[in-house]
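See below for the structure under consideration.
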Number of protein chains: 2
Amino acid sequence: MGLTKYREIANDIRSKILKGIYKKNEQLPFEKELCEKYHASKMTVKKALDLLVAEGLIVKKRGSGTFVKDIQTQEMQRMMLSNQFRGFTATYADRKVSSIVLDFSVISAPERVATYLNIQKDSFVYAIRRVRCVDDQPLVIESMYMPIHVITGLKKEHLEASVYKYIEEDLGLKIQSAHRTIRVRKSTAEEQRHLRMQEHDPVAEVEQVAFLDNGQAFEYSLSVHRYDAFEFKTVILR
Amino acid sequence: MGLTKYREIANDIRSKILKGIYKKNEQLPFEKELCEKYHASKMTVKKALDLLVAEGLIVKKRGSGTFVKDIQTQEMQRMMLSNQFRGFTATYADRKVSSIVLDFSVISAPERVATYLNIQKDSFVYAIRRVRCVDDQPLVIESMYMPIHVITGLKKEHLEASVYKYIEEDLGLKIQSAHRTIRVRKSTAEEQRHLRMQEHDPVAEVEQVAFLDNGQAFEYSLSVHRYDAFEFKTVILR
DNA sequence: AAGTGGTCTAGACCACATT
DNA sequence: ATGTGGTCTAGACCACTTC
């Protein structure tokens, strides 16, 4: 496999935790033992364990050892997901995901979009507006802008499936990170219609700027979530 | 100073970015040059730069170099804050922070609290309920539970200031991480009263379990935020 | 005192982009 | 072809807990 050694080690230990081979509150083998087991140096093993710390799965106690955190397995699974960059389709991989495309056009970048994407104000961008559904329930209205000179050749069929899949698999680009801001507000009448909500239902608004591994911002999006289907989990360090 | 070398290097480079000595979109010195400048090895410099990547300040391009991300300075400052663990008092360090203590008692841990804190169901915990204000505006209602055998000697005076300050400075404990879940919902009449909100105003609800560096969960809390004063920013990798 | 994880080094080799 | 950042090693020393 093409994975790095420390990722392979992390994956192996993670699956052992999730399978219950390493049980909650139980001590993991010492770093030294893991070094021998995986034929790796201390730095490499430490890097693997640090990934799991960032995911919230384990805790390290200097002078004492490394322990599996005592939270329910289900919690763990969700925790890991939210620290990683995942599109809507990947997040609901085990459910039926569909999209209603409200708008798909090419426009001059509005000021806010141009600013965040770091492109000229009159550059062209794809403007995409979709209602995203899980098991035919509308959960999110997503407005997305991508520069046409970065994400080339986008077609309507990609919108009905997964845009990220097209970017990574067809275009061969690598997504590196995203800056995300979460806000809360009241819903508009139009949102209530699209998401089948009541008049005074609130929404969660997620603003996102996503970057490729070459530093280029390739997406500015604003997603409006039904409040009762929205939950964001994260691990904060230090 | 007691900081590690890689943190010192990260701090130095971060301040140079924030001061504009390294400008946006500009290339940083190569890792090799930074090694010489700071008399450090490659791994140490890399670790420092990786901190800044996680903060969303810079981007590394393999085979090419390291560059300052092109976002406004103000954005940068906020970004850094939300990836770190900060209490309410520290978050609004430049404003007038006050608290109205609604409840301060010792109770048997309710089931949900005991579960998340990983203690016996009938253990005693402090139950704290505070309205937290900035510049005399009520922004958050915080319900907080802490095991009395972990956070010892808590007094009402600490609640009116900063509990985290007491934990870290007076008790000498080290906070390691927190698991945070953000949800959105409608407000109750009581919340509307405390936070001076209108009838149909929504709220952001933040559930948090915080851990010491020895892995002990020391806090379970549920914070209800005025929707118009709530914003959560984060950087998601990969 | 012994043993843990944390940091740091100097150097090796690899993957990737272009000066 | 050269030079970038990414990974990995083997070993050193330090900080902390108690195996």
Side-chain angles (χ1 to χ4, degrees), chain A residues 1-13 22 25-54 57-69 172-177 211-216 237-238, chain B residues 1-13 26-54 57-69 172-177 211-216 237-238:
Chain A
M1 23 207 240
L3 284 181
T4 57
K5 196 163 182 178
Y6 72 91
R7 285 203 134 71
E8 278 184 36
I9 297 173
N11 289 345
D12 188 63
I13 296 174
Y22 296 139
N25 281 331
E26 194 179 278
Q27 184 160 15
L28 287 186
F30 304 124
E31 288 192 356
K32 197 194 277 181
E33 292 172 46
L34 293 172
C35 289
E36 289 163 14
K37 173 168 180 185
Y38 294 105
H39 307 289
S41 75
K42 192 180 169 186
M43 289 290 280
T44 304
V45 166
K46 191 181 165 327
K47 210 165 171 182
L49 293 178
D50 282 346
L51 279 182
L52 302 181
V53 169
L57 280 176
I58 63 174
V59 61
K60 301 209 253 182
K61 310 185 196 183
R62 190 197 294 221
S64 172
T66 303
F67 301 82
V68 179
K69 238 186 207 177
L173 300 174
K174 282 187 189 158
I175 296 171
Q176 191 196 58
S177 64
F211 298 86
L212 297 174
D213 70 340
N214 62 9
Q216 169 74 56
L237 294 177
R238 193 145 241 289
Chain B
M1 25 187 161
L3 283 182
T4 57
K5 195 163 182 177
Y6 72 92
R7 277 188 194 288
E8 278 184 36
I9 296 173
N11 289 345
D12 189 63
I13 296 174
E26 193 178 281
Q27 185 160 15
L28 287 186
F30 304 123
E31 289 192 355
K32 196 193 278 182
E33 292 171 45
L34 292 173
C35 289
E36 290 164 13
K37 173 168 180 184
Y38 294 106
H39 306 288
S41 75
K42 193 180 168 186
M43 290 289 282
T44 304
V45 166
K46 193 181 164 328
K47 210 165 172 183
L49 293 179
D50 282 345
L51 279 182
L52 303 181
V53 170
L57 280 177
I58 63 175
V59 61
K60 301 210 252 182
K61 310 186 195 182
R62 189 198 292 225
S64 171
T66 303
F67 300 81
V68 179
K69 236 185 210 176
L173 300 174
K174 281 187 190 158
I175 296 171
Q176 191 196 58
S177 64
F211 299 85
L212 297 174
D213 69 341
N214 62 9
Q216 168 75 55
L237 293 177
R238 206 173 253 258

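Within every chain, numbering begins at 1; the chains are lettered A, B, ... in the order of the sequence lines, protein sequences first and strands thereafter. Everything quoted here is computed from the prediction, not taken from an experiment.
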First locate atom CG of A:L237, then atom CD of B:Q176, and finally report the distance between them rounded to the nearest 0.5 Å. 7.5 Å
Given DNA chain C, 5'-ward residue of the pair B:Y6 and A:R62, judged by closest heavy atom: A:R62
Using atom NZ of B:K32 as one end and atom P of D:dG3 as the other, report the distance to the nearest whole Å. 7 Å
To the nearest angstrom, how far is B:L3 atom CG from D:dA15 atom C1'? 15 Å
Check every strand shown and say whether A:T4 touches a base, only sugar-phosphate, or nothing at a heavy-atom separation below 4.0 Å. sugar-phosphate
Could you tell me the boundaries of the chain B footprint on DNA chain C, defined by atoms under 4.0 Å from its heavy atoms? C:dT7 to C:dT19
Using modelled atom types only, decide if a donor and an acceptor are shared between the side chain of B:E8 and the backbone of B:Y38 within a distance under 3.5 Å. no
Short side-chain to backbone donor-acceptor contact, A:K5 and A:H39, under 3.5 Å: yes
What is the distance from CG of B:L28 to C1' of D:dG5, rounded to the nearest Å? 13 Å
Go through it in stages, so that I can follow the logic: the residues are A:L28 and A:V68, the test is side-chain contact (heavy atoms from CB on, under 4.5 Å), and I'd like the CA-CA distance, side-chain angles, deciding distance and then a yes or no. CA-CA 7 Å; A:L28 287 186; A:V68 179; 4.1 Å; yes
pair B:L49-B:L34: side-chain heavy atoms closer than 4.5 Å: yes
Per salt bridge (Lys or Arg N to Asp or Glu O under 4.0 Å), B:E31 is matched among B:K60, B:R62, B:K46 by B:K60
Classify B:K47 by what it touches in the nucleic acid, base, sugar-phosphate, or nothing, heavy-atom distance under 4.0 Å. sugar-phosphate
Once you round it to whole Å, what is the distance between C1' of D:dG3 and CD of B:E33? 12 Å
5' precedence on DNA chain C between A:M43 and A:L49 (nearest-nucleotide basis): A:L49
Separation of D:dC14 atom P from B:K5 atom NZ, nearest Å, is 14 Å
Rounding to an integer number of Å, can you tell me how far B:Q176 CD sits from D:dC16 P? 15 Å
